[in-house]
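Beneath this line is the structure, given in structure tokens, with notes to follow.
Treat the numbers as computed from the prediction; the structure is a model and nothing was measured. Sequence lines set the chain letters: A, B, ... in the order given, protein chains first and strands last, and positions in each chain run from 1.
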Amino acid sequence: MAIGLARLFGVRFPHNFDSPYRAGSIGEFWQRWHVSLTRFLRDYVYIPLGGNRKGVRRQAVNVMVTFLLSGLWHGAGWTFVIWGALHGVYLVISTGWRRWLARRRWTLNHRAYRGACFAMTFVLVLLAWVFFRAPDLQVATRVTTSMLGGHGLTLSAGTISPDGLPGRLLQALGCSFVDDVGGIDHTGSLRFVGILLLAVWFLPNTQQLLRDYDPLVDSAIRPGRWRLRLNLLTGAAIGALFFLVIRHHFAAAPSPFLYFNF
Amino acid sequence: MNSSRAFLTGIPLGLLVALAGYLAAFGVQVGARTEESRWTAQLLGRKAAIARELPGPRLLLVGGSGVLFGLSAETLEAATGLPSVNLGSHAALGLRYVLHYVQGLARRGDTLLLALEYELYNTGDRNLGDWADAVFIDYVVARDPPYLNELPAWQHFEIAMRMPFRRLKRGLKAWRHPPPPNPAPGVYDVRYLNARGDQTGQGTPENPVREGLDSDQPFPALAYGLPDPAAAFPILEEFLAWARAAGIRVLATWPNIAHHPAYDLPPARRTPTMIGRFFKTHKVPVVGSAEEAIRPVAEFYDTRYHLTQSAARERTLRLVEHLLPILGPGHPSEEGRAGFDAETRK
């Protein structure tokens, strides 16, 4: 939105997000997520603190300080501090792991390894988001405990039949089944989340689609395979999508813009 | 035409085509009777027929399903001698529609007893989203197109836009092939209405009390208090002015609600105090007290508002004691006095 609105006034912005959930490591995540803030913190906090020039331990301290500040920038609360700290710890471990691999001259580039890195990065980022969005530490702790199985593993009987083979296997592993609670359509919700994840992971982002039209001041975006030609048909398709957005505005409960808080 | 111009032309074109297609799909299924709206439609139809058949001044009980399940017009009629009809329907239809329904049935000389659920006081008129929920949209689109057509064009459009896609799909399906009636779940069937429109059968051996109510949380509108003034007051003021002009007397009472410890705390006094003040200002007698309408959980059938049949009768008898002095001389009539004695002996 910001990039498009700026272009209406003849201003070109640098890229700020680049499909961050496709990152294969925490380092890459921060090259794709809120790039302008990352760049600012790198140039004005991390590098002045010494960056990676003063040894491994000092680098780890610098990373932690930078990410704690990043957390505080997002909000003055312990949940944000913990969110920043988690990312700092993730990055320190990730950097250490890469250094350890390099010392052994190992190059792990197998598809399975890359897939595991991608999955782990995604899950760790999600875990940290709980602290980012929770109203307080108590809620965040409760949610993360549930995510880690601290309150048992429960599935909707509407999604997987407890009597089928997968259901029985899951029960043997300690999973319990409940009916849909509070009128929530769990199967529909899971399907919807699945569709969104497919879009997030496999569809090109708008900057990739429109790269022929130079939407950005820089060209850091990974090219991608598909491009969008601006013609009558694509205009009509966007018009139809715009209708869905307007309709959604009528039907959905108002959702405040998250970044008004920051 | 260069590509930029073609693209910019395409955007409004696509928007208009999508909008026209959507509105056409909405339009063709208006009046298509969905299965989900059947019970409410039959309920309102049966009660309207009962009310129309009753001669003379009547006592009409007004509200959502809290009235349907929680008050007994039969008991009231027996105790007061005043022909009574339970017009309680479905709070999800919204205050505006609940009152519109009553306006179509009330006659000069009638007495209306409003027992509106607390959430109905929070449904204003300004923001359609406050009151036009999925049940209301499903019902008016499927069963009451004339009401839909009477709404201002903007609200009509807004209802079309707010209709969930699933409901639109169901409506289109019903338009092509009217759905066969499904067996009604439990007591949610008009065959459980008695001759005065009261719900019966809930909490009987045939339909035992459900395990656990719809929620064990306190109801925020009562526990924490509604904004003062309540959003519904302008609608109620309009309704009271209509009733005065039509020679119809309006009384108010409190909705039955399952007890929760939060209702014993001071903030829970806010909403009843505000509602009581509103009715006092508009010279509407309030029958009984809000505390009296907060009933033990054991008296409820399946939700926080739905009393069992026997509890509804008990609650109504208690209400009669407050109601008789307000109804004035002649109530109870001789018949009513005998009826009241008979009811209390049961």
Note: Met161(B) and Arg247(A) closest approach over all heavy atoms is O-CG, 3.4 Å
Quick check: are there more than 12 heavy atoms from other residues, nucleotides or ligands sitting under 6.0 Å from [atom1] of [X]?
X	atom1	result
Arg166(B)	CZ	no
Phe233(B)	CZ	yes
Trp78(A)	CH2	no
Arg33(B)	CZ	no

Gap separating the [atom1] atom of [X] from the [atom2] atom of [Y], nearest 0.5 angstrom:
X	Y	atom1	atom2	value
Asn2(B)	Asn231(A)	CG	CG	11.5 Å
Phe250(A)	Met163(B)	CZ	CE	14.5 Å
Leu13(B)	Ile238(A)	CG	CD1	13.5 Å
Leu19(B)	Leu244(A)	CG	CG	11.0 Å
His249(A)	Arg162(B)	NE2	CZ	9.5 Å

Which atoms of Phe165(B) come close to chain A, meaning under 4.5 Å heavy atom to heavy atom: side chain ones, backbone ones, both, or neither? both
For the side-chain contact (heavy atoms from CB on, under 4.5 Å) test, which of Thr234(A), Leu232(A), Leu233(A) pairs with Phe7(B)? Thr234(A)
